[in-house]
Amino acid sequence: MQGALTSPVDWHAIAPELVLTAFACLVLVVDLFLAERAKWLAMPLSAIGVLATGAATLSLVGSERTTLSGSYEIDAFALLLKGLFCVIGFIVLAISFDYFRSGIRYQGEYYFLLLCSLLGGLVMSSARDLVTIFIAIELISVPGFIMTGLRKGDPKSNEASLKFFLFGVLSTAVMLYGMSLIYGLSGGATRLDRIREAIDGSGNEPLVMLSVFFVVVGFGFKISAVPFHFWAPDTYEGAPSPVAAFLSTASKIGGFVGLLVLMFKAFPEVADIWRPVFAVLATLTMTVGNLIALKQRHIIRLLAYSGIAQSGYILVALALIDPSSPGVSRQALESALVYIAIYAVMDLGAFAAAVAYARRGGTYFIDDYAGLWQRSPVLATLLTGFLLSLAGAPPMAGAWAKLFVFLATINAQVYWLAVVMGVNAVIAAWYYLAVVKRMFFEAPELEGPVEVPYFLRAVMGVAALALLVVFIYPPVITELAERSIL
Amino acid sequence: MEWLDNWGLSLAAFLPMAGVVLLLFVPGSMDGVAKAVGLVITGAALLVGVAVGVRFDYGSAGAIQLEVNERWIPQIDARYHVGIDGIALPLFELSLLVSFLCIVYLLWHVPSPGKAKALIALTLLLETGMTGTFIALDLILFFIFWEVVLVPMYFMIGIWGGPRREYAAVKFFLYTLFGSIFMLLGFLALYFQGNTFDMIALREQGNLGSTLVQNLTFAGLFLGFAIKVPMWPFHTWLPDAHTEAPTIGSVLLAAVMLKMGTYGFIRIAYPILPDAAVYFAPVIGILAVIAIIYGALCCFAQSDLKRLIAFSSVGHMGFVMLGIATVSDRGINGAIFGMVAHGLITGMLFFLAGSIHERFHTREISALGGVLQQMPRFGSVLVYAGIASLGLPGLAGFWGEMLALLGSYQPGAGLDEGLFRILMVGGGIGTVLTAGYLLWTIQRVAMGTVPEKFADRHDLFDVQPLEWSAWAPLLVLILAAGIYPRMVLGVTDGAVQTLLKSFGG
C-alpha cells in the first residue's frame, strides 16, 4: 500500500474518472445557485460530463497503462467497459430528464448521485486490487441506496430503499469478510496478481475456498443472482423508474465486472472447485428468474425478473473458465463481454419505453399496454424491438448475445448447461411475447396517442438502430470484445 | 452479367429488406403507395430470380454456383457464404414467386384490420428470410435467415389472423423457437467437430466425431427441422397456425416455410452426417408414414376447409420425408419435386380457402355447397387444385408421391429393404385415403346444390381479375410440372447425385 501512495500518478490514465468527478461536483455546486424552475439544467450539465468522460476514455484507446503501483490498470478491457458505462450513463440521463423534471424535486442531488455511482463503474473497470474493487463496488451501491429512496412521499420507495440498503450492507459485510480472509491468506497482498501467486500452491485450499465463497456470495447480492435476488424486484418497483433502469444495468454490470476480474485475475488456480458452483448459480438464476417472470403483471417487475434471468447467461461464462485451456476461457470471457454490452442497451431500451409510456398518462401495468400499437405505433414497435432482443429473437442483437454464450458453452463441452439455456430461452420468449401480444393483438382500452419526449424518442431510436446494426454486422461488438480479453 | 454471378442471389434476398426500409418512409394512411412499393419490390426480386435461373448452368447443377464467400464474423469464422445448386434453385424461385403472388393477392384484398403497409412490410421481411435460407451455405448465416421468418409470421398470424389468432401465433413462435435452439446446438456441435461453419467444407470433411456425437448432433438438427416440416408428432402447431393465419400467411407458410425444414435435412443434416442419417432413416421413414396416414385420417374429421388443407399438408410433407428417408436417388428427387408441387398446390388451395371465406364468410364445409353452380370458374379452379393435391397423374402432385414410393421400394444402401417396403405399402394406403378425403371434400363444396342460405345471394362474384393474376402462374405451373416433370427433376438430379456421393453412392 505504501508504494501506491508514493509512486507517481499517471494523470492521463485516470483522466476519465477525474473528469467525471469534476462534473459531479460541478453539478452539485451549480444546483445550489439555480432557481427551482431552472434546476433541470443539471441534466444537460451531467450529460456534457458523461460525454466529456467518454471523450477522455476515447483518448486512451490503444494504450496499455498501469498506475497507482499496479492496482489500477488501463487496458482494452477497462476501456471497453468504461465506454459502456458512459453509454449507460447517457441513456439513463435521457430516461431521467422528463421523469425528474415533471415529478420529483432533488434534481441536482439526483444527477450528482447518478454521476457518483457511474464513477464507481468506471473505477471498477480498471480496479486490479482488492481495496480498489471494494471501494468501487461501494461507490456504485451507496448512491444507489439514496437514489432509490428519492420519492420520499411514497412508502414503496422508502421500503425499496431500506430493503436495498439492508441487503447491500449485509452483502458488503460478507464480501469484506471474505476479502479480509484472502488478505490474511496471501500474506498481506491486495493486488490481484500477487494474490494469485500467493494462493497458488499455498496448500490452504479449504480456507481459500471459504474466502472465495464469501466474496461470491457478496457479489451474488450485487448482481441479484438467485438465491440472493429477493431485494431486486421490490427495489426496482419502488425506486423511481430511471433509477431502476440504472440499477438493473450499470449497478449489476459493475458487480459482474468485479466478479469477472476477481475470478480471472486472482482465483483461476482454484477454478476447478468454484466452476460447478457458478454452473448451479447460473442455472438457478436463469430458471427461477424466468419462472417468476411468467406471472408478473407490472412491467418494471417483469423487467426485474427478466434481468435476473439474463444475469444467468452472464454467470454461465464464469462457469466455463478453465485455466488449463486458454481458448475456452477466452471465449467464455468474450461471450460475457458481448452479452453485457448488448444486454445493457436492450434492457435500457425496454426501461426507457416503459418510462416513456408511464410518464404521459399511462401506467406500469402490462394490461394497460393493450392496443398500444394503434395508439402509438412507434413506441410499440420500439418496445417490441427491445423485448424481442431480450428474448434473443432476430432481427435484433440479442440473438447474437445468446448465440455467443451457447458457442462458449459448447466449446467448453458443458452440454447440459447449453440445454438448460435453450429451454430457458423458450420460457423467456413466452413472457416477452405476452407483452408484445397485448400491444399488437388486443384492442386498446385507453384512448389517445402516447406523447414521448423527443429526446427520449431519439435515444430509443438510436438504441434500437444500434441493436439492428449489430444484428446485421456483429463484428462491431465481437471484435471489440475479442480485443478486450483480460 | 458479372454482377449477377456475384451478387444476384444476395440482391434477390435483400431487395425485400430494402423495401421494408423504403416502407418506413411511407405514411401509414397511404395504402396505395405501400402496395405499389410491395409490388415493385417483389416483382423486381422475382425478375432477379428469373435472371439467376437463366444464368444458372443446368449442365452442372450438382455444383454450387453464383457463389459469394465474404468475411462476416471473423471471431467465430462465420462467413457470408451464399450460393445455389440444383436442390436450392427450385425452392429459391418458388419463394420469390409465391411472395410476389401474395402481394398481388393483397392488391385484391387486405384482411381485417387493414393496415396494408405493415402487412406488406412483414411479407417482405418473410421473403428475405425465406430466400436467404435457401441460398445460405454457412450454418450461422442459415440460422439467422431461418430465425428471421419467425417474428414476421408471428405478427402476421397475431394481427390479421382468425378468432384464435393469439393462441396460434404464440404456439407457432414457441414451437419453432424451441426447435431452432436445438438446431443451433447441433450447428455448434458441428462447428467444434469440424472447425468451420461452412456447409460445403463440413460435407467434404466427412466423419465428424464419434458415432455417438454424430448421432446426437443429428438428433439436434432433426428436432429443429422436424418441427418446421412438421413431422408427426411435432405437427400440432401447424393446424392452428395455418387455420388462424390470414390467407397470404397460410400460403407463405404452406408453400415455402414448411420446405425450409425438409430443405434443412437435404442441405445440412444428410450430406454432413451421412452415417447418422442412415442410422435414423428407419425412424424418419416410420414417422413419415404415420404422418401420411394420420394426416389423411384427420382430414376426414375436419369441418373447417382451411383446417382440412392444413392437415393435408401434414400428409403431403410425410411423403416428402418418406422420400428423404430412403436416401435413394429416386426418393430424394421425388422429395424435392414433392416440395415444389406441394408449394404450388397447397399454396393455391389456401388462396382458394381465403377467397371462399371472403365470399361466404364461412369456411364450414357443411355450410358450403354447389360452388360450381354459383361460380363456375371458381368451382373449376377448386376442383382442379383439389385433384392436383390428391396426386392425379398429369398434374404436379403425382410425381413427388410416386417417386417417394418408388424410392422406398428400393431404398439406399444400408437400409432395411423389408421395412421400407412395408412403409411403401403404408404410403400407398395413404394415397388412397388422400384421394378419398379430397374427392369427398370436392363433392361437398363444389358439387351438390347451393345451400338455401346462399341461394339468393346475387352479390357472389366469380374469380376476379386480380385473383386470376395471383393464381394463373400457380395453375399453369401445376400443369406444366405434371406434364413435364423434367422441368424440376432435370434441375435437381445433378445435385442429388452430388448429395448421394456422401453416402458412397
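When reading the values below, keep in mind they use all heavy atoms of this one structure, side chains included, and skip hydrogens, waters and symmetry mates. A, B, ... follow the sequence lines: proteins, then strands. Residue 1 opens every chain.
- Of the two parts of B:Ala169, only the side chain, counted from C-beta on, holds a non-hydrogen atom closer than 4.5 Å to a non-hydrogen atom of chain A.
- Note that CZ of A:Phe441 is 8.5 Å distant from CD1 of B:Ile157, once rounded to the nearest 0.5 Å.
- Residue A:Ala399 does not touch chain B at all, counting heavy-atom pairs closer than 4.5 Å.
- With a 4.5 Å cut-off on non-hydrogen atoms, B:Ile140 touches chain A through its side chain but not through its backbone.
- Comparing A:Ile427, A:Leu407, A:Val423 by how many heavy-atom pairs each has under 4.5 Å with chain B, the most go to A:Leu407.
- Interface remark: of the candidates B:Ile181, B:Leu150, B:Ile159, B:Ile144, B:Ile159 forms the most heavy-atom pairs closer than 4.5 Å to chain A.
- Using a 4.5 Å cut-off between heavy atoms, B:Phe178 touches chain A through backbone and side chain atoms alike.
- For chain B, the nearby part of A:Leu388 is the side chain; its heavy atoms alone come within less than 4.5 Å.
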Could you list every donor-acceptor pair linking chain B to chain A (distance under 3.5 Å, backbone and side chains)?
from     : atom 1 : to       : atom 2 : distance (Å)
B:Trp72  : NE1    : A:Ile472 : O      : 3.1
B:Gln75  : OE1    : A:Thr478 : OG1    : 2.9
B:Gln75  : NE2    : A:Glu482 : OE1    : 3.2
B:Tyr154 : OH     : A:Leu433 : O      : 3.4
B:Arg165 : NH2    : A:Phe441 : O      : 3.1

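- Heavy-atom proximity under 4.5 angstrom to chain B picks out A:Ala393, A:Pro394 from residues 391-398 of chain A.
- Of the atoms belonging to B:Phe173, it is side-chain heavy atoms, and not backbone ones, that fall under 4.5 Å from chain A.
- Only the backbone of A:Ile472 comes within contact range of chain B, judged by heavy atoms closer than 4.5 Å.
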Next on the checklist: Using the rule given for side chain to side chain contact (heavy atoms under 4.5 Å, CB included), can you reason through B:Val148 versus A:Phe471, listing the C-alpha separation, both sets of side-chain angles and the distance that settles it, and then say yes or no?
Outcome noted: CA-CA 11 Å; B:Val148 161; A:Phe471 172 75; 4.2 Å; yes
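- Using a 4.5 Å cut-off between heavy atoms, B:Leu184 contacts chain A through its side chain alone, with no backbone atom that close.
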